Amino acid sequence: QVRLVESGGGLVQAGGSLRLSCAASGRTASRHAMGWFRQAPGKEREFVAAISWNRYSTDYTDSVKGRFTISKDNAKNTVYLQMNSLIPEDTALYFCAAQYDTTGWGTRISSENAVWGQGTQVTVST
């Protein structure tokens with residue numbers, strides 16, 4: 001069983017930056033694609049970014065490309081989401097997610113098969 005613990009959320013002004021962290025633990029944690037989803041009030045949860053467990057593949061939703069960067073420290077089984085040029089529309093509860101992948105290159109994380117963290121709030125003020 002993989003366990004995810006997130007940290008790094010907070011309140012920031014528009015144009016500012018935040019870095020989210022998600023530490024994974026468990027026997028197979030190193031063999032999981034990892035990523036971030038977010039859910040704003042009144043909206044459905046949406047995909048933000050993901051990275052393969054070999055770190056060579058990444059994927060982003062269009063609205064964060066060029067502003068957010070996902071990375072992973074394999075020695076720590078920790079994934080990071082560096083968020084720059086934040087805008088109020090980025091305000092949401094951010095969830096870390098992980099899904100077992102046999103190839104090492106996959107970035108797909110599905111709601112049905114993922115392990116989820118507890119969420120960390122990101123609020124961007126105007």
Side-chain angles (χ1 to χ4, degrees):
Q1 182 74 12
V2 173
R3 182 170 177 258
L4 304 175
V5 178
E6 301 125 328
S7 60
L11 173 64
V12 65
Q13 285 190 330
S17 298
L18 281 175
R19 189 177 81 154
L20 306 182
S21 301
C22 174
S25 60
R27 186 174 60 86
T28 61
S30 63
R31 300 283 177 154
H32 281 63
M34 295 181 70
W36 294 91
F37 288 69
R38 66 187 180 186
Q39 187 167 19
K43 295 188 177 181
E44 293 188 354
R45 185 164 55 190
E46 65 170 351
F47 168 78
V48 177
I51 188 167
S52 60
W53 63 254
N54 69 6
R55 301 185 298 177
Y56 295 140
S57 297
T58 58
D59 191 20
Y60 297 89
T61 191
D62 286 345
S63 64
V64 308
K65 286 179 180 177
R67 300 189 299 121
F68 291 10
T69 302
I70 191 168
S71 61
K72 187 168 181 277
D73 184 335
N74 279 355
K76 298 180 179 179
N77 279 335
T78 298
V79 66
Y80 304 96
L81 186 68
Q82 178 65 44
M83 304 185 294
N84 298 328
S85 301
L86 284 160
I87 59 178
E89 289 75 15
D90 294 320
T91 295
L93 187 61
Y94 282 70
F95 295 91
C96 180
Q99 181 167 322
Y100 185 77
D101 177 68
T102 59
T103 70
W105 293 88
T107 57
R108 187 175 186 276
I109 299 174
S110 66
S111 297
E112 299 78 17
N113 298 317
V115 175
W116 295 93
Q118 78 283 0
T120 185
Q121 180 67 37
V122 172
T123 302
V124 184
S125 64
T126 55

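Fair warning: this is a prediction, and the values are worked out from it, not measured in the lab.
- How far CD1 of I51 is from CG of D59: 11.0 Å, rounded to the nearest 0.5 Å.
- Of the N and O atoms on the side chains of Q99 and S110, at least one donor lies less than 3.5 Å from an acceptor on the other residue.
- Here the shortest heavy-atom pairing between A29 and N77 reads CB-ND2, 3.9 Å.
- Atom CG of residue N54 and atom CZ of residue R31 lie 10.0 Å apart, to the nearest 0.5 angstrom.
- In terms of heavy atoms, A40 sits closest to A92 at N-CB, 3.8 Å.
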For a side-chain contact (heavy atoms from CB on, under 4.5 Å) check, start with the C-alpha distance between M83 and V12, then their side-chain angles and the critical distance, and finish with the verdict. CA-CA 11 Å; M83 304 185 294; V12 65; over 6 Å; no

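- Residue V122 forms a side-chain contact (heavy atoms from CB on, under 4.5 Å) with just one option from L81, L20, T91, L93, and that option is L20.
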Side-chain polar contacts of residues 60-68 - donor-acceptor pairs under 3.5 angstrom, sequence neighbours left out - could you list them?
| residue | atom | partner | partner atom | Å |
| --- | --- | --- | --- | --- |
| Y60 | OH | I70 | N | 2.8 |
| D62 | OD1 | K65 | NZ | 3.0 |
| S63 | OG | R38 | NH2 | 3.4 |
| R67 | NE | S63 | O | 3.4 |
| R67 | NH1 | S85 | O | 3.0 |
| R67 | NH1 | D90 | OD2 | 2.7 |
| R67 | NH2 | S63 | O | 2.9 |
| R67 | NH2 | D90 | OD1 | 3.0 |
| R67 | NH2 | D90 | OD2 | 3.4 |

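- A donor-acceptor pair under 3.5 Å is formed between the side chain of D101 and the backbone N or O of G106.
- Using a 4.5 Å cut-off on side-chain heavy atoms (C-beta onward), C96 and W116 make no contact.
- Between K72 and S52, the shortest heavy-atom contact is CD-O, 4.2 Å.
- Formation of a donor-acceptor pair under 3.5 Å by the N74 side chain with backbone atoms of W53 is found in this model.
- Linking ILVMFWY side-chain heavy atoms closer than 4.5 Å, directly or via other members, places F37 and L86 in two distinct hydrophobic clusters.
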Apply side-chain contact (heavy atoms from CB on, under 4.5 Å) to the pair F95 and L4, showing each step before the final yes or no. CA-CA 10 Å; F95 295 91; L4 304 175; over 6 Å; no

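- With rounding to the nearest 0.5 Å, the separation of NE2 in H32 from CG in N113 is 10.0 Å.
- Between L11 and S125 there is a side-chain heavy-atom pair separated by less than 4.5 Å.
- By the 4.5 Å heavy-atom criterion applied to side chains, I109 and F47 are not counted as neighbours.
- Atom OG of S21 and atom CD of Q82 lie 9.5 Å apart (nearest 0.5 Å).
- Here the side chains of Y94 and E6 are not in contact, with every heavy-atom distance at 4.5 Å or above.
- The number of heavy-atom neighbours closer than 6.0 Å to CD of Q118, taken from other residues, nucleotides and ligands shown, is above 12.
- Under the 4.5 Å side-chain contact rule for hydrophobic residues, V48 and V115 share a cluster.
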